[in-house]
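Only one structure is covered here, and it is reproduced in the block below.
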Protein chains: 2
Amino acid sequence: MNDLFYNISDDEKEKILRNLEANTFNFQKNKTILSSVKQENIIGVLVSGYLQIIKNDYNGNKVIIDDLYDNSIFGTTMSSISSSEYSIVTKEDSKIIIIYFDEIIKANFVEQSYMQFIKNLLNIMSNKINANNVRIEILSNKTTRNKLLSYFKIMSKKNKSNILYLPYTFTDLADYLSVDRTSMHRELKNLKEEGLIEIKNKRITLNLYDDNDFE
Amino acid sequence: MNDLFYNISDDEKEKILRNLEANTFNFQKNKTILSSVKQENIIGVLVSGYLQIIKNDYNGNKVIIDDLYDNSIFGTTMSSISSSEYSIVTKEDSKIIIIYFDEIIKANFVEQSYMQFIKNLLNIMSNKINANNVRIEILSNKTTRNKLLSYFKIMSKKNKSNILYLPYTFTDLADYLSVDRTSMHRELKNLKEEGLIEIKNKRITLNLYDDNDFE
DNA sequence: TAAATAATGTTGCAATTGCAACATGTTAAT
DNA sequence: ATTAACATGTTGCAATTGCAACATTATTTA
């Protein structure tokens with residue numbers, strides 16, 4: 001349902017990609033692939049795998065600007081910021097499709113399959129906007145403690161459970177929240193001591209009852 | 001070009017809106033309009049005016065989650081987070097169109113005008129993703145100083161000038177950057193004293209040369 | 001135009017944070 | 001199977017930040 005080629009046959013798929021002059025690439029795990037795609041007005045669709053868009057600032061801080069799983073998009077990402085500080089890194093073997101946004105906008109064919117393609121793209125973009133808004137909501141918290149709680153609560157709500165599994169390492173979580181890893185640990189310890197959370201490896205249990213933190 | 005009805009006649013426009021069961025609303029300045037639109041799976045398109053999506057947390061902190069000018073979209077915003085803490089506030093008289101996202105996805109008509117509408121929507125969503133990514137980049141900075149510099153540099157690059165004009169008050173800027181207003185002022189003062197910026201009302205001049213802050 | 005409301009500006013202080021400098025535990029590569 | 005590389009965990013300390021409590025200046029609105 002959130003697939004770029006949902007409801008589109010393989011033949012139609014090939015035709016669409018050809019018409020849009022799209023290119024498919026396969027990358028191995030742990031490769032930096034920026035140079036291949038550093039262009040404006042492109043949409044990259046991650047068909048399978050796992051990518052991170054990383055920013056390294058002049059202090060050597062790594063920031064996860066974006067975290068991309070199956071059928072997420074990127075690329076428009078870079079258009080307004082350009083800059084050599086950014087890189088796209090594969091965390092797993094990944095397959096991506098690069099499409100020129102202008103081609104999508106300009107293309108004039110009215111076949112049903114193309115309509116379907118555009119709708120799928122709309123869906124994916126809508127999901128992207130949601131994910132970004134969640135990230136913004138989390139980053140808007142002023143303290144590390146509130147960033148953590150905000151993150152846990154959102155993940156918990158998504159899972160419809162008070163148990164959640166970190167999708168990556170604590171080191172990466174600190175980068176995602178844009179806080180110092182060791183300070184984050186200090187705060188995790190506080191939350192544990194206060195009984196608000198329990199941590200067992202990547203499994204986190206949230207113990208927020210009808211406290212006003214929760215909603 | 002970034003208009004939802006770019007290249008669509010008024011007649012066609014009415015037809016599309018009717019088919020999508022879209023509703024148009026006009027709101028006066030400084031109204032909270034959340035209740036009217038608090039639904040999942042809707043897209044709100046701000047046709048004209050100025051909106052802010054605000055989050056008030058339990059500490060009474062106001063956070064500007066989103067800042068919407070002409071032809072920006074919202075609504076998908078709320079879907080994953082629901083919550084009564086959010087509100088949409090008009091900062092100017094505003095005209096918005098509410099469309100059910102599912103109707104767009106399901107609609108099956110292949111008229112040229114509908115294709116154009118979808119492409120316009122894609123364009124608007126793409127812009128939204130870019131704006132969100134910029135916001136995330138700014139919020140990813142760990143210090144107030146770097147948030148400010150990051151914001152100024154991005155605005156300056158957008159303007160293609162080292163002079164930029166704040167689109168809102170300093171109070172709102174602090175909310176946008178998610179920092180305490182008075183601490184932000186302290187930092188603005190530092191930046192002025194170091195000669196990195198000049199401030200005259202809402203006009204800010206950036207004096208970053210080939211320093212590694214700039215790129 | 002006066003009064004009310006909101007924005008700007010300043011400062012001390014306590015709380016939070018980032019950073020350095022570690023120790024230990026876990027995973028991956030030769 | 002051992003090393004190398006990476007993730008987790010801890011702590012002291014200096015820097016940054018939020019907050020409170022103000023004064024002053026703009027901007028609305030009655």
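The structure displayed is predicted, hence computed values, not measured ones. Reminder, nothing fancy here: chain letters follow the sequence lines and each chain counts from 1.
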Looking for any heavy atom pair under 4.0 Å, which part of the strands does [X] touch: base, sugar-phosphate only, or nothing?
X	result
B:Lys202	sugar-phosphate
A:Thr143	sugar-phosphate
A:Thr169	sugar-phosphate

Which nucleotide sits closest to the side chain of [X]: [options]?
X	options	value
A:Thr144	C:dG18, D:dT8, C:dG9	C:dG18
B:Thr182	D:dT8, D:dA21, C:dT8	D:dA21
B:Asp180	D:dC19, C:dT8, D:dT16	D:dC19

Expressed as a whole number of angstroms, how long is the span from [X]:[atom1] to [N]:[atom2]?
X	N	atom1	atom2	result
B:Leu188	C:dG9	CG	P	8 Å
B:Lys200	C:dT8	NZ	C1'	17 Å
A:Ile199	D:dT10	CD1	P	10 Å
B:Asp175	C:dA7	CG	P	10 Å
B:Asn146	C:dC19	CG	C1'	15 Å
A:Lys147	C:dT16	NZ	P	15 Å
B:Leu166	D:dA26	CG	C1'	16 Å
B:Asn141	C:dT17	CG	C1'	15 Å

D:dT11 OP1/OP2 closer than 4.0 Å to side-chain N/O of A:Lys189: yes
N or O in side chain of B:His185 less than 4.0 angstrom from C:dT8 OP1/OP2: no
Do the side-chain N and O atoms of [X] and [Y] include a donor-acceptor pair separated by under 3.5 angstrom?
X	Y	answer
A:Asn141	A:Ser150	yes
B:Asn146	B:Thr143	yes
A:Asp175	A:Tyr168	no
A:Asp180	A:Thr182	yes

Donor-acceptor under 3.5 Å (B:Asp66 side chain, B:Ile53 main chain): no
Closest-nucleotide 5' rank along DNA chain D - winner of A:Asp172 and B:Lys142: A:Asp172
Residue whose closest nucleotide on DNA chain C lies nearer the 5' end, B:Thr171 versus B:Ser183: B:Thr171
Check: D:dG9 base within 3.5 Å donor-acceptor of A:Arg181 side chain: yes
Donor-acceptor pair under 3.5 Å, A:Arg186 side chain vs D:dG12 base: yes
